[in-house]
Amino acid sequence: MTLPEMEERVTSLGQPRYRAEQIFKWVYKHGIDDFAAMSNLPHAFQQQLAEKGFATGVLTEEGAQEAADGTKKYYFRLPDGLHVESVYIPEERRKTVCFSTQVGCAIGCAFCATGQQGFVRNLSVAEIVDQVRTIGLERRTRITHAVAMGQGEPLVNYEATLKAIKLMNADYGLGIAARHLTISTSGMVPAIYRLAEEDIQLNLAISLHATRDQIRSELIPLNRTYPLSVLIEAARSYAARTKRRVTLEYIMIDGVNDGDEDLEGLLTLTTGWLSHVNLIPYNPVPGVDYQPSAPATLRRFFQTLQRHNVAVSIRQERGAEIEAACGQLRQRLKLMEKR
Ligand code: SF4
């Protein structure tokens, strides 16, 4: 719930409006989920909340793996017994959580472990927000950045993702600056236009991964519905409307999207608008027959784009040894369950 929704709920239970803010402080600032421990609430109200089935924390940590660089991957059980995963990425000045928005995913990207599992269901607002809140509490740190880049296509679960992001941003919620919140999409064009009209200045990242329709359709089947010309038009429109730079994610896969023609394509697609290319070394997924591009190829892409004044970065590989690409831990644990 947002604070106004909670205020409405507590007043309908015969309590003053400020009780809502008290509850929010316990939940978001102190990490208390047990109503009985919320010591400034009247005892009868504590009981009423529990009896009426209100719940705060909705996730149970069932497994985690930590890499030497501090990247930690969490495997959470949801209230209905399904599982989802999230990744914590600590850096000197930022603490990022990469969160999931769906169990499984219907998009079926060829390079992605989650895509191989198919779609199960959307996550609720609480299940999305609680990934970021729980990790901040467990790490005893203030999460400064959050990215919808875990399992699922966030813009398919549009309403819940947006509401969760607004709760992450709100002062009474997790208090993460809007410019530190990112939604990453595989290219849901109508939702990109919708997002541009929202009253929150988010970052948008688009999984580009190819500059030719034939290759992109092989990697991301959604490209058959929203091909590159339509997608880039939507991205340009988003950048123009929000005045924010759109990130184009580009996973570099050996012999698939790392040739001269692809580099030329990147130069063409990024000309004349507020974009930023993020080159990502491919992180091999068990059962998927792709290999990362050679480091020299990655460097050549980076240097050529830079020479042509394209804003470009290389995503530092984090937590490779703990399989921190989306869906990998979940997939491995499932395999172990089957054995
Ligand atoms: S990369 Fe993202 S959109 Fe594509 S299948 Fe995986 S989770 Fe879904």
Side-chain angles (χ1 to χ4, degrees), residues 73-76 78 82-87 89 96-123 127-128 131 146-158 160-162 164-165 182-192 195 203-210 213 215-228 231 234-235 246-253 256-257 278-290 292 315 317-320 323-334:
K73 186 161 191 161
Y74 294 80
Y75 184 64
F76 290 119
L78 303 168
L82 293 172
H83 292 88
V84 81
E85 60 191 55
S86 329
V87 182
I89 307 155
T96 304
V97 170
C98 172
F99 60 91
S100 297
T101 52
Q102 297 181 313
V103 181
C105 181
I107 305 293
C109 299
F111 51 84
C112 167
T114 306
Q116 315 305 308
Q117 296 157 12
F119 174 71
V120 182
R121 73 164 170 88
N122 283 329
L123 294 187
E127 288 165 341
I128 297 172
Q131 295 170 58
V147 295
M149 223 177 259
Q151 296 168 303
E153 164 52 61
L155 295 185
V156 167
N157 189 10
Y158 188 99
T161 300
L162 245 287
I165 290 241
T182 303
I183 286 187
S184 175
T185 178
S186 56
M188 295 295 299
V189 165
I192 292 174
L195 196 62
N203 297 309
L204 175 67
I206 294 176
S207 301
L208 186 67
H209 306 333
D213 276 318
I215 307 286
R216 192 164 188 274
S217 295
E218 274 169 33
L219 295 174
I220 307 174
L222 185 66
N223 192 69
R224 295 190 189 107
T225 311
Y226 304 115
L228 278 162
L231 175 61
V246 173
T247 298
L248 301 174
E249 310 277 7
Y250 199 90
I251 293 180
M252 295 208 48
I253 308 173
V256 174
N257 63 358
N278 192 18
L279 300 172
I280 307 164
Y282 177 66
N283 193 9
V285 171
V288 176
D289 199 16
Y290 289 133
R315 187 188 294 169
E317 205 177 353
R318 299 293 305 251
E323 303 170 332
C326 63
Q328 291 186 21
L329 179 64
R330 179 168 176 270
Q331 195 177 48
R332 205 164 66 86
L333 288 173
K334 273 181 96 86

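Counting convention: from 1, in listed order, for ligands and their atoms alike.
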**Complete:** Closest heavy-atom approach to atom 2 (Fe) of ligand 1 among Gly152, Gly115, Ser186 is made by Gly152
**Asked** How does Cys112 reach ligand 1, if at all, at less than 4.0 Å between non-hydrogen atoms: by side chain, backbone, both, or neither?
**Response** side chain
**Asked** Near atom 8 (Fe) of ligand 1, is there an N/O/S atom from Cys105 that is less than 2.8 Å away?
**Response** yes
**Message:** Which heavy atom of Met252 sits nearest to which heavy atom of Tyr282, and what is that distance?
**Reply:** O-CB, 3.3 Å
**Request:** With sequence neighbours left out, write down each residue that passes side chain to side chain contact (heavy atoms under 4.5 Å, CB included) with Ala210, or none if nothing qualifies.
**Result:** Ile215, Arg216, Leu219
**Item:** Minimum-distance pair of heavy atoms, taken over all atoms of Arg121 and Leu78
**Value:** NH2-CD1, 3.5 Å
**Request:** Considering the heavy atoms of Ile107, write down every atom of ligand 1 situated less than 4.0 Å from one of them.
**Result:** 3 (S)
**Asked** Using 30° and 60° as the class limits, which term best fits the ring planes of His83 and Tyr75: parallel, tilted or perpendicular?
**Response** parallel
**Message:** So if I count the atoms of ligand 1 from 1 in the order they appear, which ones are less than 4.0 Å from some heavy atom of Gly108?
**Reply:** 5 (S)
**Message:** Run the side chain to side chain contact (heavy atoms under 4.5 Å, CB included) test against Ser184 and tell me which residues pass, sequence neighbours left out.
**Reply:** Met149, Ala205, Ser207
